[in-house]
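Comments concern the structure below.
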Amino acid sequence: MKYTLRQLQIFLEVARHQSISAAAQRLHMSQSAASEALQNLEHAYEIALFDRVSNKLTLNAVGRTVRKEAQSLLDHAQSFEEVLNSHEEIGHIKVGASFTIGNHLATRYLADYLHHYPEADVALEIANTPEIVTRVLNYEVDIGMIEGEVQHRELELIPWREDELVVFCAANHPLATKRSLSIRDIKEAAWILREPDSGARLTFDKAMAGLLPDINVYMEFRHNEAIKNAVESGLGIGCLSRIVLQRNLANGDLVPLELPRRDMRRIFYFALPRKRFPLESVQFWMDTCREADA
């Protein structure tokens, strides 16, 4: 073989950061050493892996193909090294979860996971669905947990569990006694929603097909708690996952509103790169999540 695992590490870090200096810093080596290793890898196979424009390196078509294989190879090597070191050390995992899943579900599974892998280093990164998908495709997390379908040829989606969005208002809101919303109510309401492209917003927009041009989106927030607080203050009505609203609905702080003939159901998915080497830790994380919801 004319390559080394270290060269592949450097290549992947440069691909991730689009910068040799940033990659070198992450790998605790000099910029010149990182640059030389990358050049040696390219020269050994007489290929160019990046398009070089100014100080930015962007993967070209060859680089994108090599990246997937290099990541799979390094994952395999890391898994093999963990087996050699100790079975107790296996289980390190980076999980990326969308806001609803990360804040209200993923943390519930940590105890069972760490009971099986007591020495595991578990990292949980929370962002909206598009950001989590990007991190999965860039191999920044080992597995993503997202709130809806995303079309991408390099992304594998594995159905996990069902969810439902609920439209709600404050207990003292004029619509609270009505319970069921008419078309007129939907159009006249001040809506407080998640930001565009979030999983919840995409489901809402799909359910409101035919009415979207007439809907008054009064406020948009990235965080579920901000929406609940705004609705509870009487600023408008909201739409969030039933998981997020369970306690508030039970306490009577917030009141659910029915939308006849509007399908607010959706599926949560595990998201993985299609060509990633299968890791035992990722499979056990998925199994843990499924068993907890059974």
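Basis for what follows: all heavy atoms, side chains included, without hydrogens, waters or symmetry-related copies. Here the structure is a predicted model, which is why all the values come from computation and not from measurement.
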Side-chain donor or acceptor of [X] paired with backbone N/O of [Y] under 3.5 Å:
X: His92; Y: Ala120; result: no
X: Ser233; Y: Leu235; result: no
X: Arg274; Y: Leu155; result: yes
X: Gln7; Y: Thr4; result: yes
X: Arg222; Y: Phe99; result: no
X: His17; Y: Ser19; result: no
X: Arg108; Y: His104; result: yes
X: Asn138; Y: Glu140; result: no
X: Asp75; Y: Ser72; result: no
X: His223; Y: Glu225; result: no

- Arg262 atom CZ, neighbour heavy-atom count above 12 within 6.0 Å: yes
[X] [atom1] to [Y] [atom2] distance, which is reported to the nearest 0.5 Å:
X: Leu212; Y: Phe204; atom1: CG; atom2: CZ; result: 7.0 Å
X: Leu114; Y: Glu119; atom1: CG; atom2: CD; result: 10.0 Å
X: Thr100; Y: Leu105; atom1: OG1; atom2: CG; result: 8.5 Å
X: Leu12; Y: Leu73; atom1: CG; atom2: CG; result: 9.5 Å

- Would you name the heavy atoms of Met264 and Cys239 that are closest together and state the gap between them? CE-SG, 3.3 Å
- Task: Taking all heavy atoms of Leu8 and all of Ala70, pick out the closest pair and write down the distance.
- Result: CD2-CB, 4.3 Å
Electrostatic pair [X]:[Y] at N-O distance under 4.0 angstrom:
X: Glu164; Y: Arg266; value: no
X: Arg265; Y: Asp163; value: no
X: Arg52; Y: Glu42; value: yes
X: Arg201; Y: Glu220; value: yes

- Query: Which pairs pass side chain to side chain donor-acceptor pair (under 3.5 Å) with one or both residues in residues 186-198, sequence neighbours excluded?
  - Reply: Asn128-Glu195, Arg184-Glu188, Arg194-Asn224
List the atom pairs, with distances to 0.1 Å, where a side-chain N or O of residues 245-257 and a protein N or O form a donor-acceptor pair under 3.5 Å, not counting sequence neighbours.
| unit_1 | atom_1 | unit_2 | atom_2 | d |
| --- | --- | --- | --- | --- |
| Asn248 | OD1 | Lys228 | NZ | 2.9 |
| Asn251 | ND2 | Arg247 | O | 3.2 |

Examine [X] and [Y] and state if one hydrophobic cluster contains both, with Ile, Leu, Val, Met, Phe, Trp and Tyr joined whenever side-chain heavy atoms are less than 4.5 Å apart.
X: Leu240; Y: Val167; value: no
X: Leu279; Y: Met145; value: yes
X: Leu272; Y: Tyr269; value: no
X: Leu74; Y: Val282; value: no
X: Leu165; Y: Tyr218; value: no

- How are the rings of Phe268 and Trp160 set relative to one another: parallel (under 30°), tilted (30 to 60°) or perpendicular (over 60°)? tilted
- Task: On the 0 to 90° scale, with breaks at 30° and 60°, tag the Tyr113-Phe284 ring pair as parallel, tilted or perpendicular.
- Result: tilted
- So Ile143 and Phe270, side chain to side chain contact (heavy atoms under 4.5 Å, CB included) or not? Walk me through it. CA-CA 7 Å; Ile143 183 172; Phe270 298 116; 3.8 Å; yes
- Query: Considering residues at least two apart in sequence or located in another chain, which fulfil the salt bridge (charged side-chain N to carboxylate O under 4.0 Å, His left out) criterion with Arg16?
  - Reply: Glu13
- Is any side-chain heavy atom of Ile93 closer than 4.5 Å to a side-chain heavy atom of Val95? yes
- Message: In this structure, is the centre-to-centre distance between the rings of Phe11 and Phe50 below 6.0 Å?
- Response: yes
